[in-house]
Amino acid sequence: MRTALVILCASLAACSVSREGWGRGRFIVVVESIPLQVRRSTIRVEDTNGELVMNWIGARAPVGEPLLSGFSVTLFDDANGDNVPQSNEVLSYRSNVERSEKILFSDIRAPADSAKGSWKFLVAAQTLGGGSFSSVVAFREDR
């Protein structure tokens with residue numbers, strides 16, 4: 001029985017999310033894979049003006065894996081609900097195509113009327129080893 005418990009604990013530890021390279025504080029995992037990690041801060045409503053704010057979002061290549069070759073974040077109002085940012089829906093776009101172990105963007109904001117629920121962000125990341133990831137995520141307050 002003790003051996004089974006040790007194996008179970010080791011298996012759970014192997015599947016846990018690594019904090020290495022991300023510093024302290026709370027973050028939300030967007031993707032966790034061998035060649036690529038994407039994390040973000042919580043999204044909150046700013047008291048002074050009602051804007052939705054994500055303090056930071058970043059992509060990272062874990063130690064020993066190929067470097068990042070690109071990372072981008074597109075904030076858009078998905079008015080037509082197709083999960084694809086149209087040119088008239090994009091509020092902001094951040095991109096970095098330098099080779100790097102880690103890329104971070106800070107201070108991504110949506111207007112105070114964001115409560116209607118159609119704000120989303122498209123995250124795309126690539127590594128020099130050919131790994132890639134893209135996903136559309138709702139841009140709303142984390143509770």
Side-chain angles (χ1 to χ4, degrees), residues 4-143:
L5 183 59
V6 169
I7 291 171
L8 176 63
C9 289
S11 297
L12 291 175
C15 296
S16 66
V17 173
S18 170
R19 291 199 64 86
E20 182 182 348
W22 291 102
R24 298 181 180 183
R26 184 171 175 215
F27 62 77
I28 304 216
V29 174
V30 178
V31 67
E32 176 82 19
S33 67
I34 291 172
L36 181 65
Q37 297 174 344
V38 178
R39 307 278 192 273
R40 68 172 177 85
S41 70
T42 57
I43 299 171
R44 62 181 171 74
V45 175
E46 194 166 76
D47 292 335
T48 56
N49 57 17
E51 288 182 325
L52 278 175
V53 179
M54 180 168 51
N55 290 334
W56 62 269
I57 186 167
R60 166 177 193 279
V63 175
E65 296 298 322
L67 296 175
L68 292 170
S69 60
F71 181 56
S72 66
V73 177
T74 306
L75 179 63
F76 65 105
D77 179 5
D78 193 17
N80 61 7
D82 66 354
N83 280 341
V84 177
Q86 310 299 320
S87 61
N88 62 332
E89 296 175 331
V90 174
L91 176 65
S92 69
Y93 174 75
R94 309 249 180 107
S95 177
N96 186 325
V97 292
E98 295 181 25
R99 294 177 181 191
S100 178
E101 180 182 316
K102 184 191 245 182
I103 299 171
L104 289 170
F105 299 125
S106 64
D107 200 38
I108 296 176
R109 297 172 171 265
D113 67 353
S114 304
K116 64 184 177 181
S118 60
W119 287 103
K120 296 180 181 176
F121 62 102
L122 168 64
V123 179
Q126 304 81 36
T127 68
L128 290 173
S132 67
F133 167 82
S134 69
S135 183
V136 173
V137 182
F139 194 82
R140 63 175 176 259
E141 182 179 14
D142 293 307
R143 297 181 191 252

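The first residue of the sequence shown is numbered 1, and numbering continues consecutively from there.
- A salt bridge between D107 and R94 is absent, with no side-chain N of the basic residue lying under 4.0 Å from a carboxylate O of the acidic one.
- Across all non-hydrogen atoms, the minimal contact from V30 to R40 is CG2-CG, 4.1 Å.
- L75 has its side chain within reach of W119: a pair of non-hydrogen atoms, C-beta onward, lies under 4.5 Å apart.
- Ring geometry for F121 versus F139: interplanar angle over 60°, hence perpendicular rather than tilted (30 to 60°).
- Within the 4.5 Å cutoff, the side chain of D78 has no heavy atoms near those of the P85 side chain.
- Counting only distance, with no hydrogens or angles, the side chain of S100 and the backbone of I103 share no donor-acceptor pair below 3.5 Å.
- Counting non-hydrogen atoms of other residues, nucleotides and ligands closer than 6.0 Å to CZ of R44 gives a total above 12.
- Contact annotation: the side chain of R39 never approaches that of I57 to less than 4.5 Å [non-hydrogen atoms, C-beta and beyond].
- More than 12 heavy-atom neighbours from other residues, nucleotides or ligands sit within 6.0 angstrom of CG on N49.
- Minimum heavy-atom separation, I34 to P62: O-CG, 3.4 Å.
- You'll find the side chain of I43 stays beyond 4.5 Å of the side chain of V53, heavy atoms only.
- The shortest heavy-atom contact between A61 and E65 is CB-O, 4.4 Å.
- E89 places a side-chain N or O within 3.5 Å of a backbone atom of Q86 that can act as its donor or acceptor partner.
- In this structure, CD in E46 is found 6.0 Å from CD in E51, a value given to the nearest 0.5 Å.
- Taking CE of M54 as the start and CD1 of I108 as the end, the distance is 4.0 Å to the nearest 0.5 Å.
- When atom types are taken as modelled, the side chain of S106 and the backbone of N55 share no donor-acceptor pair closer than 3.5 angstrom.
- Ring centroid separation for the pair Y93 and F76 does not come in under the 6.0 Å cut-off.
- Between F71 and V123, the closest side-chain pair of non-hydrogen atoms falls below 4.5 Å.
- Of all the heavy atoms in T127 and P66, the pair that sits closest is CB-O, 4.1 Å.
- E98 contributes no side-chain N or O that, together with a main-chain N or O of G70, makes up a donor-acceptor pair within less than 3.5 Å.
- Here the closest heavy-atom approach between residue A125 and residue L36 is recorded as CB-CD2, 3.8 Å.
- Contact annotation: the side chain of D142 approaches that of I28 to within less than 4.5 Å [non-hydrogen atoms, C-beta and beyond].
- Counting heavy atoms from C-beta on, the side chains of R99 and L68 never come closer than 4.5 Å.
- One side chain, D77 or S118, offers a donor N or O that lies under 3.5 Å from an acceptor on the other.
- Counting non-hydrogen atoms of other residues, nucleotides and ligands closer than 6.0 Å to CZ of R109 gives a total above 12.
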